[in-house]
Amino acid sequence: MSRLIVVSNRVPVPDKKGTAPAGGLAVALQSALEARGGLWLGWSGQSCPQDGVGPLRMLRDSNIDYALTDLTDRDVEEYYQGFANRVLWPICHYRLDLAEYGRREMAGYFRVNHFFASRLLPLIGEDDLIWIHDYHLIPLAAELRRQGVKNRIGFFLHIPWPAPDVFLAMPVNDEILTSLTAYDVLGFQTENDRENFADCLLRQGLGSRSDNTHFTVGARSFTARHYPIGIETEEFAKLAQRAAETSLHKRMLQSLDGKGLIIGVDRLDYSKGITQRIDAFENFLTRNPDSQRKVTLLQITPKSRSEVPEYEAMQRAVAEQAGRVNGALGTVDWVPIRYVNRSLRRPALAGLYRMAKLALVTPLRDGMNLVAKEFVAAQSEADPGVLLLSRFAGAAQELKDAVLVNPYDVEGTAEAVARSLAMPLEERRDRWKGMMKALRGNDVFSWCDTFLGDLSTGEQGAFENIV
Ligand code: ADQ
C-alpha cells in the first residue's frame, strides 16, 4: 500500500495525551494514515510578521507525521480571511452579494498555495498518494505539477460547487477551474455538485467528457465523482447511548421540566439559515399558541471566523433576534429559545441530540451537513426524534426519510415543525430506520476507503448507484 499524504488548511494534531480532537473526518483520515503510514500537512493556525516564518514544525504520533507551517500576517489576511472566506466560500454557497473580490487577495491565495507546495515538495516520496482537502487549496496540485510532481493527487471539496451562472461570475474562474484539472481524482459531496462542476468546465471549453465521470483536458485525463461524506455511525450511536448517564444530561432533563426539546447545532455562519430558522420557530409558536410553554429551542452556535466582517455582523443579528423572540413570547418561567455561543464536546452533543424530539437543520446551502447525520445516529430505536432537513443540504440526497423543507419558506417550515412534533411513533420509527440504513451503508470510513481506492487505482468507486 502506498504511503498517504493529506493536506488541509488546518490539521487536527493529537494533544499531549495522544488523543486526536474528536470529529468523524479527523478520525477517518487518521485511521487511513495509520493503516498506510503517512503525513498530514497544513497551517499551524499561527501567524507572524513577513520575515518570521520558520521551518516546518514536525510532530509524530504512532506512525503519522504532522507537519505544521506558520503563515505571515499578510498571508492569513489575503489567503484565509480574504480569497478563501470572502470569495470562494460565499460564491460556493450562492452568496454572490457577499463576495468581496480583490486582486490582492486573489494573488495572496495563489501565493500561499505556491508556498504550501514548496513546503510539501521535499517530503513527497515517489509512490506517495496525495489527498488535498477543500476550497483553501484548490491550486495546490497545479503548483506541485509545475514543480515536477508526478504522483497521483486527489482533491475533495467539502462545500457545494455552484451552478455555472454563479461560479462563472467570479473573476479568475478560469484559473480555478484549470487548476482543478491537475488532479487525478476530484471528489464532490453530491452528484449535483459534480454536474455543476462539469457544466462549468464544458461551458468554458476547458475540457471534454467521455462519460459521466471521465474528463480529458489536453494530454491529461481525470475522474470527477461524488463521494458523500459520512460520520462514524456506530461509534456515534454508542456515544449517544452512554450520554444518558452523564450529569449534564440529567441537569438538562431537569431544567426542561417536561418540555419538549428542539435542537439546532451549527457554526455561526450565514449559510446555515439560522435567522430563517428562528423566524420559522417564532411563526410556529405564534400560529400554535397551545405549543407555547411546551417546547424549547436550544440553538448551539459557536462563533466562527469572527475576524471576517460578515460573521461579526451576523453574531449581533442572531443574538438580537433570539432576544426579541424571547422578549415577545417568553414568560417568567419559560424561555422559548436558549441561545448558546459555545462549542460542546461530542459526548455532550450526542446526549442532547438523543434527548431532542426534533432537530432543525435548515441551511440555505450546505455541502453535506454532518449535524443531520449525527442527530439521526444518536436517536433511540424505540422512540426516535424527527429530523427536519433543508433540501439544500447535501445530506438531503441520502436522508430522503427526513422531513424535507425549503428554508426560504418560513411559513412552510413552521408548518413542518408542527407536523414533526405531532408525528406518530410508527412513522417516526419508519423514517428513522430508512435514514439509519443510509448512514450504516456509507459511514466516514467507507467514504475514505472509496476515495482512496479510486485514487490508488484510478478506477471507479461504488457510489455511482448509491443515491
Ligand atoms: P461545517 O460547515 O463545519 O463543515 P457540518 O458538517 O454541519 O458543517 O459540521 C461539521 C462538524 O462540526 C460536525 O461534526 C458537528 O458536530 C460539529 N459542530 C457543529 N456545530 C457544533 C457545535 N455547536 N458544537 C460542537 N460541534 C459542532 C464543512 C461543510 C459541510 C460538510 C463538512 C464535512 O460546510 O457541508 O458536511 O465540512 O465535509
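All heavy atoms count here, side chains included; hydrogens, waters and symmetry mates do not. Counting starts at 1 for both ligands and their atoms, in listed order. Keep in mind that this is a model prediction, so the values were computed, not measured. We number each residue from 1, following the sequence as shown.
Heavy-atom separations between R345 and ligand 1 are all 4.0 Å or longer. Contact analysis puts L349 in contact with ligand 1, with a non-hydrogen atom separation below 4.0 angstrom. Residue contacts with ligand 1 leave out F236, since none of its heavy atoms falls under 4.0 Å from the ligand.
In terms of polar-atom proximity, defined here as any N/O pair under 3.5 Å, L370 does make such a contact with ligand 1. Considering backbone and side-chain N/O of V265, none are found under 3.5 Å from N/O of ligand 1. For a threshold of 3.5 Å applied to N or O pairs, the pair formed by E374 and ligand 1 contains at least one separation below that value. For the pair M368 and ligand 1, the shortest N or O to N or O distance falls below 3.5 Å. Inclusion of K272 in the set of residues having an N or O under 3.5 Å from an N or O of ligand 1 is warranted.
Shown are Y311, Y135, Y79; of these, the side chain to side chain donor-acceptor pair (under 3.5 Å) with N85 is made only by Y135. Only one option out of D279, N326, T275 pairs with Q321 in a side chain to side chain donor-acceptor pair (under 3.5 Å); it is D279.
At a heavy-atom distance under 4.0 Å, only side-chain atoms of W89, from C-beta outward, approach ligand 1.
Cation-pi geometry between R95 and Y270 is met: under 6.0 angstrom from the ring centre, within 45 degrees of the axis.
Closest heavy-atom approach to atom 37 (O) of ligand 1 among the candidates R342, H158, E232: H158. For atom 30 (C) of ligand 1, the candidate residues are V340, I229, D366; the nearest heavy-atom contact is made by D366.
Taking the six-membered ring where the residue is Trp, F167 and W161 present tilted rings, their angle falling between 30° and 60°. Between F83 and Y101, the ring planes are perpendicular. Angles over 60° get that label, and only those under 30° would be called parallel. Between W131 and W447, the ring planes are tilted. Angles from 30° to 60° get that label.
Ligand 1 places these atoms under 4.0 Å from at least one heavy atom of G367: 35 (O). For ligand 1, the atoms closer than 4.0 angstrom to any heavy atom of V371 are 7 (O), 15 (C). Of all atoms in ligand 1, numbered sequentially from 1 with element shown, those under 4.0 Å from a heavy atom of R346 are 14 (O), 16 (O). Residue-ligand proximity, I300 to ligand 1, at heavy-atom distances under 4.0 Å covers atoms 23 (N). Listed by number with element, the atoms of ligand 1 under 4.0 angstrom from any heavy atom of Q189 are 31 (C), 38 (O). Applying the 4.0 Å criterion to heavy atoms of S343 picks out, from ligand 1, the atoms 24 (N), 25 (C). Close approach of ligand 1 to L344 is summarised as follows: ligand atoms under 4.0 Å from at least one heavy atom of the residue are 24 (N), 25 (C). Against a heavy-atom cut-off of under 4.0 Å, R267 is close to the following atoms of ligand 1: 1 (P), 2 (O), 3 (O), 20 (N).
Here the two rings, on F451 and Y227, have centers that are under 6.0 Å apart.
For the pair E282 and R324, the salt-bridge criterion is met [side-chain N within less than 4.0 Å of a carboxylate O]. Between E310 and R86, at least one side-chain nitrogen of the basic residue sits less than 4.0 Å from a carboxylate oxygen of the acidic one, meeting the salt-bridge criterion. Between R111 and E78 there is a salt bridge, since at least one side-chain N of the basic residue sits less than 4.0 Å from a carboxylate O of the acidic one. Taking 4.0 Å as the cut-off between side-chain N and carboxylate O, R10 and D134 do not count as a salt-bridged pair.
Other residues, nucleotides and ligands contribute only 12 or fewer heavy atoms inside 6.0 Å of the NZ atom of K437.
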